[in-house]
Amino acid sequence: QVQLVESGGGLVQAGGSLRLSCAASGFTVSSSSMGWFRQAPGKEREFVAAISRSGRSTFGADSVKGRFTISRDNHENTVYLQMNSLKPEDTAVYYCAASPKDYGLAYASSYFYWGQGTQVSVSS
């Protein structure tokens with residue numbers, strides 16, 4: 001059974017940092033492209049960052065470039081999102097997702113499996 005479990009969310013002041021974790025089971029993260037998305041209240045789910053199956057390619061949304069970094073630990077079968085210089089507009093529920101594709105990773109429709117989400121709140 002495929003399962004993705006996010007953790008690491010919480011309340012932080014603007015300028016602070018958080019590291020989100022996404023623990024996978026039922027499959028190996030090294031065999032999938034992995035992505036992070038977020039959804040703020042009243043807004044649509046939006047792409048944050050992704051890492052390709054090979055692990056050689058990572059990319060992120062313009063809004064988080066230079067601040068957020070996605071990485072993967074194959075031994076731990078876990079994907080991480082390091083978030084620095086957090087802003088109030090980063091407040092959202094953050095979701096981890098897995099895709100069998102190597103393209104279209106900025107689109108939620110490319111992902112087959114999703115976690116339950118973890119809340120990140122940034123105060124000003």
Side-chain angles (χ1 to χ4, degrees):
Q1 180 181 359
V2 172
Q3 192 172 16
L4 296 170
V5 179
E6 302 97 333
S7 62
L11 175 63
V12 64
Q13 288 188 332
S17 298
L18 283 174
R19 188 178 78 156
L20 304 184
S21 299
C22 172
S25 59
F27 75 105
T28 56
V29 296
S30 59
S31 65
S32 298
S33 295
M34 301 295 295
W36 285 95
F37 287 75
R38 67 186 182 186
Q39 187 167 18
K43 294 187 177 181
E44 294 188 353
R45 190 169 299 191
E46 66 172 358
F47 170 73
V48 176
I51 183 168
S52 65
R53 280 190 296 174
S54 69
R56 291 192 292 267
S57 177
T58 63
F59 65 102
D62 289 343
S63 59
V64 305
K65 282 182 179 177
R67 300 189 299 125
F68 291 12
T69 302
I70 187 171
S71 63
R72 186 177 79 191
D73 185 328
N74 294 339
H75 179 71
E76 295 294 329
N77 210 33
T78 298
V79 177
Y80 301 98
L81 184 68
Q82 178 66 44
M83 306 186 295
N84 299 326
S85 302
L86 282 161
K87 304 175 181 180
E89 52 262 44
D90 294 319
T91 295
V93 176
Y94 283 70
Y95 298 90
C96 172
S99 171
K101 303 179 180 181
D102 288 318
Y103 56 90
L105 297 180
Y107 301 96
S109 58
S110 296
Y111 295 83
F112 288 6
Y113 300 107
W114 293 82
Q116 82 291 347
T118 185
Q119 176 70 48
V120 171
S121 298
V122 184
S123 64
S124 57

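Because only heavy atoms are used, hydrogens play no part in the values below, and waters and symmetry mates are left out as well, while side chains stay in.
Side-chain contact between Tyr95 and Thr118 is absent, with no heavy-atom pair separated by less than 4.5 Å. Between Leu81 and Tyr94 the shortest side-chain heavy-atom distance falls below 4.5 Å. Inter-residue side-chain proximity for Met34 and Thr78 is flagged as unmet; no heavy-atom pair is nearer than 4.5 Å. Side-chain contact check for Met83 versus Leu20: some heavy-atom pair is nearer than 4.5 Å.
A salt bridge does not link Asp90 to Lys87: none of the charged nitrogens lies less than 4.0 Å from a carboxylate oxygen.
Note that CG of Leu4 and OG of Ser32 are 9.0 Å apart. Values are rounded to the nearest 0.5 Å. Rounding to the nearest 0.5 Å gives a distance of 7.0 Å between CZ of Arg72 and OG of Ser54. Ser71 OG to Arg19 CZ: the interatomic distance, rounded to the nearest 0.5 Å, is 7.0 Å. Note that CD of Gln116 is 8.0 Å distant from CD of Gln3, once rounded to the nearest 0.5 Å.
One hydrophobic cluster holds both Ile70 and Phe27 under the rule that ILVMFWY side chains link at heavy-atom gaps under 4.5 Å. Side-chain heavy atoms closer than 4.5 Å link hydrophobic residues (I, L, V, M, F, W, Y) into clusters, and following such links, possibly through other members, connects Tyr113 to Val29. The hydrophobic cluster containing Val64 does not contain Tyr80, counting ILVMFWY residues as joined when their side-chain heavy atoms lie under 4.5 angstrom apart, directly or transitively.
For the residue pair Glu6 and Cys96, the shortest heavy atom distance occurs at OE2-N, 2.7 Å. Scanning both residues, Ser17 and Asn84, for their nearest heavy atoms gives OG-OD1, 2.9 Å. In terms of heavy atoms, Thr91 sits closest to Gln119 at CG2-NE2, 4.0 Å. Considering every non-hydrogen atom in both Arg67 and Ser63, the closest pair reads NH2-O, 2.9 Å. Residues Phe47 and Gly60 approach most closely at CE2-C, 3.9 Å, considering heavy atoms. In terms of heavy-atom proximity, Lys43 sits nearest to Gln39 at O-NE2, 3.1 Å.
Residues passing the salt bridge (charged side-chain N to carboxylate O under 4.0 Å, His left out) test with Arg53 are Asp102, sequence neighbours excluded. With sequence neighbours left out, Ser99 forms a side-chain contact (heavy atoms from CB on, under 4.5 Å) with Ser33, Lys101, Leu105, Ser110, Tyr111. Evaluation of the salt bridge (charged side-chain N to carboxylate O under 4.0 Å, His left out) rule for Glu89 yields no partner, not counting sequence neighbours.
The backbone N or O of Asn77 lies less than 3.5 Å from no partner atom in the side chain of Asn74, so there is not a single donor-acceptor pair. The main-chain N or O of Phe68 is never found under 3.5 Å from a side-chain atom of Gln82 such that the two would form a donor-acceptor pair. A donor-acceptor pair is defined here as one N or O able to donate and one able to accept, closer than 3.5 Å; such a pair exists between the side chain of Ser52 and the backbone of Ser57.
Crowding of Phe59 atom CZ: a count of heavy atoms from other residues, nucleotides or ligands under 6.0 Å exceeding 12.
The cationic atom of Arg45 (NZ for Lys, CZ for Arg) does not lie both less than 6.0 Å from the six-membered ring centre of Phe37 and within 45° of the ring axis.
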